[in-house]
Every structure is written in C-alpha cells, then in structure tokens.
Amino acid sequence: TNTSSATPAKGPSFEDFVFISSGQGISCGIRASGEAWCWGRGDGYGLGNGTNISSNIPVKVSNISNFSHLYAVNYLGVCGVTKEGKGYCWGTEGTYGRFGNGGASGVQNVPSEILNVTDFIKINILGEYTCGLRANGKISCWGWGLSGRLGTGNTSDSDVPADVLN
C-alpha cells in the first residue's frame, strides 16, 4: 500500500559531505572519503554512474573514490579533480574535445581521465570548453577555441589541455 507523510522518508544518512557543486538539473558532492555522489537529471549521463537514469537521491560516481574538487555545470557535463591532481570529466557534451581525453566528441557515462596533466587544483567546465588551474600556477584550457577563448594564441580547438600563454 502507498502511504503519504508530511515528513520526508529517510534514506541512508549522508552527514560527511565536504564539497558541493550544483548546476542546471544536477548536484554533486564529495564525501570525506573522497567519493563523489551526484543526483538529479541522468539523461545527460552527468550522474557518472554509467546510466542515463535520473535519481532523486545521491548515487555514487563510478570508478574514482578520491576526489577533492568537482564542478557540475549542468547534467550534460561534470569534471572533477582527485587528491593526487588528476582530472576527470563525464557526461554527453564531450563536443570540441571539452572532456580533455583526446576525443573530439562523445558520451562518457563514467569519469574519463583528462590527458597530459597530473597537477590540477580546480577545473571549470564551461559551455564548449574547459579550463583547469594547476599546482604550478599555470592555467590549461581545452575544447572549442572560438574567438581565442582557450588563451593559446590561436582559435584552434584542442582535445587535450593546452597551456594559456602569457
């Protein structure tokens, strides 16, 4: 039988989140253990658990358990950084190489490693491109190079991180 209640039903207790990021249709958090958990729209594979099914409770992001930072721009693309400085992205909006994994487009339904950089501190995934702050103080960007927004001195697209020029 169905019952209704004015008090929300309790699921598993999550009282150890240390980081949260919310975007259009999705939220993701990092627990003290480094595990990432996301909830909301799943049709863009932004939950990172290998499915395209939406969830109204947190679901564990697959394969990586040591995140220190996440950026959820929307349900189509999420990126994160591990405690060791590696970057990962997932979702359906890998167009123009904005996931940094060497592929110009495609769906990543679980975290896919960003190539060639292992010292990220933070990553921001934007419309069609992504930039990351590195431990050495440099900024690297990749994705759609329209109007020179990657900062590499040209308007070429890049499917792997390229250092911003000074």
Side-chain angles (χ1 to χ4, degrees), residues 18-30 34 36-55 59 61-64 66-166:
V18 296
F19 187 89
I20 183 78
S21 180
S22 295
Q24 180 186 14
I26 188 171
S27 293
C28 295
I30 300 173
W37 292 70
C38 295
W39 57 97
R41 286 186 68 171
D43 53 322
Y45 292 98
L47 300 181
N49 64 345
T51 73
N52 64 348
I53 299 169
S54 296
S55 179
V59 294
V61 173
S62 299
N63 303 332
I64 310 296
N66 58 344
F67 282 103
S68 62
H69 178 265
L70 288 174
Y71 188 69
V73 67
N74 61 36
Y75 65 98
L76 302 173
V78 177
C79 290
V81 176
T82 65
K83 294 174 184 174
E84 295 80 24
K86 290 184 178 183
Y88 292 86
C89 294
W90 60 92
T92 59
E93 290 287 319
T95 54
Y96 303 105
R98 82 171 183 158
F99 288 161
N101 60 3
S105 64
V107 172
Q108 300 296 321
N109 60 5
V110 296
S112 174
E113 187 172 352
I114 298 168
L115 301 178
N116 304 335
V117 176
T118 58
D119 67 341
F120 284 115
I121 296 172
K122 292 185 178 182
I123 295 175
N124 282 335
I125 183 170
L126 306 161
E128 293 87 11
Y129 67 107
T130 306
C131 292
L133 176 62
R134 299 173 56 189
N136 62 11
K138 293 182 179 182
I139 295 173
S140 296
C141 295
W142 56 97
W144 194 16
L146 178 71
S147 302
R149 60 178 148 194
L150 301 183
T152 57
N154 59 52
T155 58
S156 299
D157 300 345
S158 179
D159 59 7
V160 294
D163 289 348
V164 172
L165 299 177
N166 58 13

statement: Closest non-hydrogen contact found for E128 with R98 is O-CB, 3.6 Å
query: Looking only at heavy atoms, what is the nearest atom pair of I123 and G80, with distance?
result: CD1-O, 3.8 Å
message: Has S54 got a side-chain atom pairing as donor or acceptor with G42's backbone, closer than 3.5 angstrom?
response: yes
- prompt: Once you round to the nearest 0.5 Å, how far does CG of N52 lie from CZ of R41?
  reply: 11.5 Å
query: What's the verdict on side chain to side chain contact (heavy atoms under 4.5 Å, CB included) for Y45 and Q108, showing C-alpha distance, side-chain angles and the deciding distance?
result: CA-CA 7 Å; Y45 292 98; Q108 300 296 321; over 6 Å; no
query: At what distance, to the nearest 0.5 angstrom, does CG of N101 lie from CH2 of W142?
result: 10.5 Å
message: Rounded at 0.5 Å granularity, tell me how far CG in N74 sits from CD1 in I125.
response: 7.5 Å
message: Which heavy atom of A162 sits nearest to which heavy atom of T152, and what is that distance?
response: CB-CG2, 3.6 Å
- prompt: Can you tell me how far CD1 of I26 sits from SG of C38, rounded to the nearest 0.5 angstrom?
  reply: 4.5 Å
- prompt: Is the shortest heavy-atom distance from the side chain of L146 to the side chain of Y96 under 4.5 Å?
  reply: no
- request: Keeping the roles fixed (side chain from S21, backbone from A72), state whether a donor-acceptor pair exists under 3.5 Å.
  value: yes
Minimum heavy-atom distance G91-F99, with the two atoms named: O-CE1, 3.6 Å
Straight-line distance of I30 CD1 to F67 CZ, nearest 0.5 Å: 7.0 Å
field: N124 side chain reached by Y71 side chain, heavy atoms, under 4.5 Å
entry: yes
- prompt: Only one of D119, D163, T130 forms a side-chain hydrogen bond (donor to acceptor under 3.5 Å, both in side chains) with S140, so which one is it?
  reply: D163
field: Closest heavy-atom pair and its distance - C89, I114
entry: SG-CD1, 3.8 Å
- request: Kindly give the heavy-atom pair with the smallest separation between G48 and P111, and that separation in Å.
  value: O-CD, 3.8 Å
task: Report the C-alpha separation of L47 and S55 in whole Å, then their side-chain angles, then the decisive distance to 0.1 Å, and conclude whether the side chain to side chain contact (heavy atoms under 4.5 Å, CB included) test is met.
output: CA-CA 8 Å; L47 300 181; S55 179; 4.1 Å; yes
field: Inter-residue atom distance N49.CG - N63.CG, 0.5 Å rounding
entry: 10.5 Å
CA sep, side-chain torsions, deciding dist, call: W90, V110, side chain to side chain contact (heavy atoms under 4.5 Å, CB included): CA-CA 6 Å; W90 60 92; V110 296; 5.9 Å; no
